[in-house]
Protein chains: 2
Amino acid sequence: MPSSAKVNMADVARRAGVSMATASRALSDHPHVAPATRARVLAAAEHLSYVISPEASRLAGGTTGRVAVVVPHISRWFFASLLEGLEAVLRESDLDVLLYHVGDAADRSTFFQRLPARRKVDAVVVLGMPVAEPERERLGLMGVHIVAAGGQVESYPYVSVDDLAAGRQAMDHLLFLGHRRIGMIATADPGQPGWPAVRGRTRAYHEAHADAGIPVDERLIVEVPWGGAPGADAMAQLLGLRKPPTAVYAHSDEVALGAVRTLRRAGLRIPGDVSVVGIDDHPLADLTDLTTVAQPVREQGTLAGRMVLSLLSGEDITDGVTVPTRLVIRGSTGPPRP
Amino acid sequence: MPSSAKVNMADVARRAGVSMATASRALSDHPHVAPATRARVLAAAEHLSYVISPEASRLAGGTTGRVAVVVPHISRWFFASLLEGLEAVLRESDLDVLLYHVGDAADRSTFFQRLPARRKVDAVVVLGMPVAEPERERLGLMGVHIVAAGGQVESYPYVSVDDLAAGRQAMDHLLFLGHRRIGMIATADPGQPGWPAVRGRTRAYHEAHADAGIPVDERLIVEVPWGGAPGADAMAQLLGLRKPPTAVYAHSDEVALGAVRTLRRAGLRIPGDVSVVGIDDHPLADLTDLTTVAQPVREQGTLAGRMVLSLLSGEDITDGVTVPTRLVIRGSTGPPRP
DNA sequence: GTCCGAACTGGAAGCGCTTCCAAATTGATA
DNA sequence: TATCAATTTGGAAGCGCTTCCAGTTCGGAC
């Protein structure tokens, strides 16, 4: 562990032949510093390869220059992509990202109870998870800006897709193809009760049926935890019905891919025997030829980042932003067998 | 943006009827504080819902309590999983994770040139990317501990798999099944020249051939960027040969899945006509029935986290840790058509 | 040639905490 | 009971910066 000689602003000031006050102003780009002086200070700093101490700077009155990002499942493509987009924007503005992973319910309550990011950030971004009232109250204690992304969270500025509309795109596609017995594999995340996306996507199933004048057969609805394996199990359950569906609408691509596996193993053809549609447009959806409803994930992170920037610069944002989704028809859907 | 009343240590000390010095000691768990006094201070802090100012604390002499994580591709399962494991360990010890994404070459040079994490962290973890000599030099300037994970990076303590061995597991499996014409889809990440994993996995191909006494047909080797689509292209190229391979060894599962798509679209059967093996054991490999070489990804992150903890507690770690890989035989490999 | 205000620059007071040093207290030993 | 060491506590000096408040400098208008 090499240790670089610690050089501080006083050294820079001395070398530039100015006072610390001036050095500070020059370095932080304040007005009322003669161009020549500023240049001299900057040169000195450069020469000494000086790096300002964020702690001292902050303590003396600045901001933290950090934003906390709270995310439930880092390793899932959806969340990681949101994060990637967000980080890019924030970094560009020299803001550091402090990562907080709150996977299960225990993590959640710990996080909101202890509020580990308190006093450490200028804003917090909540990625793809609902925030219940008591949690909102705790978050409020932090006294910083809050933005939600990847899921509409009322009472915070958010960026999200319209999950109801997305679900409808998938369902209407199936209905348009002529399917009348459509199964739904809904996801339930025990760590995130009440995730709005789930509600919207589920409602789409019902509304689509209502609009098409088709009664919903409750047996065609299966709710499982998120993931491929659960999706596979759900499909098996649907296949076990005396009258299996001719098409399946899954709440997410990973779940849909699980369903696909079960269908394949059962020797059924896709879409010949059963059509499958997912939501998200995971990169692997393209590879596996899965019809899905695409949502711009990275972009949602980007937009959230910009929101943070605006908020931090004093703008007063309160509204949410909804980005459009788009049906991507691939090879996993087709008309039902006549 | 609600603002919580700012209460500082002086308030706590006053309420507990002690000096700031004592309050500080009590709060940071120092010895030489009477149990009763400590309890009183803690109670006061609790009552005022006091949160220490990390900046002030740090400035006055502590550590930052932060570690920087540098990662090239957040949204890829492999990196996100490493990150997830790492974060869990660090968080448990109340260390915050500062995320730095360096995707392409430009990001890289910016990162190493500006060293944005300088003076902000106690350690930095480099995830799955090589560090060239000049970069290493820059990193050294930070004067903090450095750990590498998800790829063996000489001269830093690291945790990684043995890529050569992993590659051999895949290749030997294919050879054992009787394949003699084996294609390799190697990956090249332009943003990370010289990634050791690539070298090891490529070497495995050659050594396996040598050990089996089979000459390598260079036309069977295709190098493409990482990803499903490139993998698909590579497979198409291999199929275009007058004598296509009977099996394909891909450097990663995503790439392998791309190859699978091409094979499917070409109407070829897997493994009947062509066997495919990947590396990593991506969750979707299970779903798509892909034979692969599994590596414990999350665990590598975990181990790296523990290394950081040890280093931070003064231990003197210099050696790397290599975790084992394991061949997972699924449905995408079988004996060649006789 | 003098005077005035704008543009710069420096002095110094903190920001909220840690820790060295010394003072005070306590218990045990002689 | 007197004495000494060990334990607790408080005082105070910073840690490295920002910024208010004055003082200084300089050019141009009078």
Side-chain angles (χ1 to χ4, degrees), chain A residues 3-45 48-66 94 118-122 142-143, chain B residues 3-45 48-66 94 118-122 142-143:
Chain A
S3 92
S4 54
K6 53 177 179 180
V7 21
N8 47 228
M9 198 181 278
D11 300 315
V12 175
R14 196 173 313 123
R15 186 164 219 281
V18 298
S19 71
M20 277 208 37
T22 300
S24 172
R25 277 186 288 251
L27 289 171
S28 47
D29 227 40
H30 270 256
H32 297 308
V33 176
T37 308
R38 166 160 307 156
R40 207 139 32 84
V41 173
L42 259 29
L48 299 172
S49 82
Y50 166 72
V51 177
I52 200 171
S53 157
E55 326 292 339
S57 169
R58 154 76 173 138
L59 182 56
T63 55
T64 67
R66 266 171 248 140
D94 265 321
R118 216 169 158 188
R119 271 196 178 210
K120 293 181 188 166
V121 298
D122 300 329
M142 290 183 59
Chain B
S3 92
S4 54
K6 53 177 178 178
V7 22
N8 47 229
M9 197 181 279
D11 300 314
V12 174
R14 197 172 314 123
R15 185 166 219 281
V18 299
S19 71
M20 277 210 33
T22 301
S24 172
R25 277 186 288 249
L27 289 170
S28 46
D29 228 40
H30 269 256
H32 296 308
V33 176
T37 308
R38 165 160 307 154
R40 208 140 30 87
V41 173
L42 259 31
L48 299 172
S49 84
Y50 166 72
V51 178
I52 201 172
S53 157
E55 328 291 341
S57 168
R58 155 75 173 138
L59 181 55
T63 55
T64 68
R66 265 172 250 140
D94 266 321
R118 215 168 158 189
R119 268 194 178 213
K120 294 181 188 166
V121 298
D122 301 329
M142 290 183 59

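Side chains are part of it too, since the values below use all heavy atoms of this structure and drop only hydrogens, waters and symmetry mates. Reminder, nothing fancy here: chain letters follow the sequence lines and each chain counts from 1.
Within the 4.5 Å cutoff, side-chain heavy atoms of B:Met9 are placed close to those of B:Ile52. Looking at B:Thr22 and B:Arg25, their side chains come closer than 4.5 Å, going by heavy atoms from C-beta outward. Taking the side chain as every heavy atom from C-beta outward, A:Val41 and A:Arg38 never approach each other to under 4.5 Å.
Counting all heavy atoms, side chain and backbone alike, B:Ser53 lies closest to A:Arg119 at CB-NH1, 2.8 Å. Here the closest non-hydrogen pair linking B:Gly17 and B:Arg40 is O-NH1, 4.4 Å. The heavy-atom pair separating A:Ala45 from A:Leu27 by the smallest distance is CB-CD2, 4.0 Å.
Rounded to a whole Å, the CZ atom of A:Arg38 is 14 Å from the P atom of C:dA7. The CE atom of B:Met20 sits 15 Å away from the C1' atom of C:dC20 (whole-angstrom rounding). Between the C1' atom of C:dC15 and the CZ atom of A:Arg119 lies a distance of 11 Å, rounded to the nearest Å. In this structure, CG of B:Asp11 is placed 14 Å from C1' of C:dC15, rounded to the nearest angstrom. A straight line from CZ of B:Arg40 to C1' of D:dG10 spans 14 Å, rounded to a whole angstrom. Atom CE of A:Met9 and atom P of C:dC15 are 19 Å apart (whole Å).
Where B:Ala21 and A:Ser28 each meet DNA chain D at their nearest nucleotide, the meeting point lying more 5' is that of B:Ala21.
Residue B:Ser19 has no polar side-chain atom (N or O) positioned under 4.0 Å from OP1 or OP2 of D:dT9. When the side-chain nitrogen and oxygen atoms of B:Thr22 are compared with OP1 and OP2 of D:dG10, one or more of them lie within a distance under 4.0 Å. Contact annotation: B:Thr37 side-chain N/O to D:dT8 OP1/OP2 distance is not under 4.0 Å. Here B:His30 reaches the OP1 or OP2 of C:dT19: one of its side-chain N or O atoms lies under 4.0 Å away. For D:dT7, neither phosphate oxygen OP1 nor OP2 lies less than 4.0 angstrom from any side-chain nitrogen or oxygen of B:His32.
Looking at heavy-atom distances under 4.0 Å, B:Ala34 makes contact with sugar-phosphate atoms alone, never a base.
Closest approach to the A:Arg25 side chain among D:dC15, D:dG16, C:dG10 is made by C:dG10 (side chain taken as heavy atoms from C-beta onward). Of the candidate nucleotides D:dG16, C:dC17, D:dT8, C:dC17 has the atom lying nearest to any side-chain atom of B:Ala60. In the set C:dT18, C:dC8, D:dG16, C:dC8 carries the atom at the smallest distance from any side-chain atom of A:Pro35. Closest contact between the side chain of B:Val33 and the listed nucleotides D:dC17, D:dT9, C:dT18 involves D:dT9.
Within residues 51-59 of chain B, the residues approaching DNA chain D are B:Leu59, by heavy-atom distance under 4.0 Å.
Atom CZ of B:Arg66 is separated from atom CG of B:Asp94 by 13.0 Å, given to the nearest 0.5 angstrom.
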